[in-house]
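To start, the structure itself, in structure tokens.
If you read the sequence from its start, that first residue is 1, and numbering goes on from there.
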Amino acid sequence: MATTRSAHTVWEGNLLEGNGVVTFDSSGAIDAQPVTWASRAQDANGKTSPEELIAAAHSSCFSMAFSNILAKGGTPPTKLVTSADVTFQPGEGITGVHLTVEGTVPGMESEAFLAAAEDAKVNCPVSQALKAVPITLSAKLV
């Protein structure tokens, strides 16, 4: 069965001086978060950005997909720590995503770990949605 998750943003003012608030409607799990152009194109200063939200979505989606691939292969992970760095260039847009994962997977060799990580990178639903930008990966067993 399909699911739909929702968020909304209220924006006030122009792009450079205005500000907004992002609200997570579906879950309410995250308090409403402020967003500004400066927090997107310069320093965060305690505010979020679309790219940070994409990074959160991508790191969690990748972790779920990778965990599933490893378990289906007979080597379920004990722990996966994934970060996603989404690069935004004003005037160009999102120019890339870099995923970094470190995993504890008993009984797995590094080469197999890297192959499974690459599979998750290519096939997780968020990666599929972000096909327009380059996605790179660093993966290692710990």
Any donor-acceptor N/O pair, S6 side chain to S26 backbone, under 3.5 Å: no
Which atom of F24 lies closest to which atom of A7, heavy atoms considered: CA-CB, 4.3 Å
Residues which pass side-chain contact (heavy atoms from CB on, under 4.5 Å) with A120, listed by chain and number, not counting sequence neighbours: F62, A65, F66, I69
Common cluster, M64/L80, ILVMFWY with side-chain heavy-atom separation under 4.5 Å: no
Heavy-atom closest pair, residues A57 and S60: O-OG, 3.1 Å
Donor-acceptor under 3.5 Å (E17 side chain, L15 main chain): no
Shortest non-hydrogen separation from S67 to P77 and the atoms involved: OG-CG, 3.8 Å
Cluster check I94, L53: I/L/V/M/F/W/Y, side chain < 4.5 angstrom: no
Selection residues 40-56 - residue pairs positive for salt bridge (Lys or Arg N to Asp or Glu O under 4.0 Å), sequence neighbours left out: R40-E51
Nearest non-hydrogen partners of S59 and S63, listed with the distance: O-OG, 2.9 Å
Under the side-chain contact (heavy atoms from CB on, under 4.5 Å) test, residues paired with P90 that sit two or more places apart: W37, A41, F88
Linked, directly or transitively: L137 and I54 (ILVMFWY side chains, under 4.5 Å): yes
More than 12 heavy atoms from other groups under 6.0 Å of CG on D25: yes
From CG (D119) to CG (L114), nearest 0.5 Å: 12.5 Å
Residue pairs involving residues 123-142 (criterion ring pair (Phe, Tyr, Trp, His ring centres under 6.0 Å); sequence neighbours excluded): none
Nearest non-hydrogen partners of S49 and V35, listed with the distance: CA-CG2, 4.0 Å
Under 3.5 Å, side-chain donor or acceptor atoms of residues 99-111 against the rest of the protein: list the pairs with distances, not counting sequence neighbours.
from	atom 1	to	atom 2	distance (Å)
T100	OG1	H98	NE2	3.4

P50 side chain near V86 side chain, heavy-atom distance below 4.5 Å: no
Using residues 125-134 as the side-chain source, report each donor-acceptor pair under 3.5 Å to any protein atom, sequence neighbours left out, with the distance given to one decimal.
from	atom 1	to	atom 2	distance (Å)
S127	OG	H58	NE2	2.7
S127	OG	K121	O	2.5
Q128	OE1	K131	NZ	3.0
Q128	NE2	V122	O	2.5

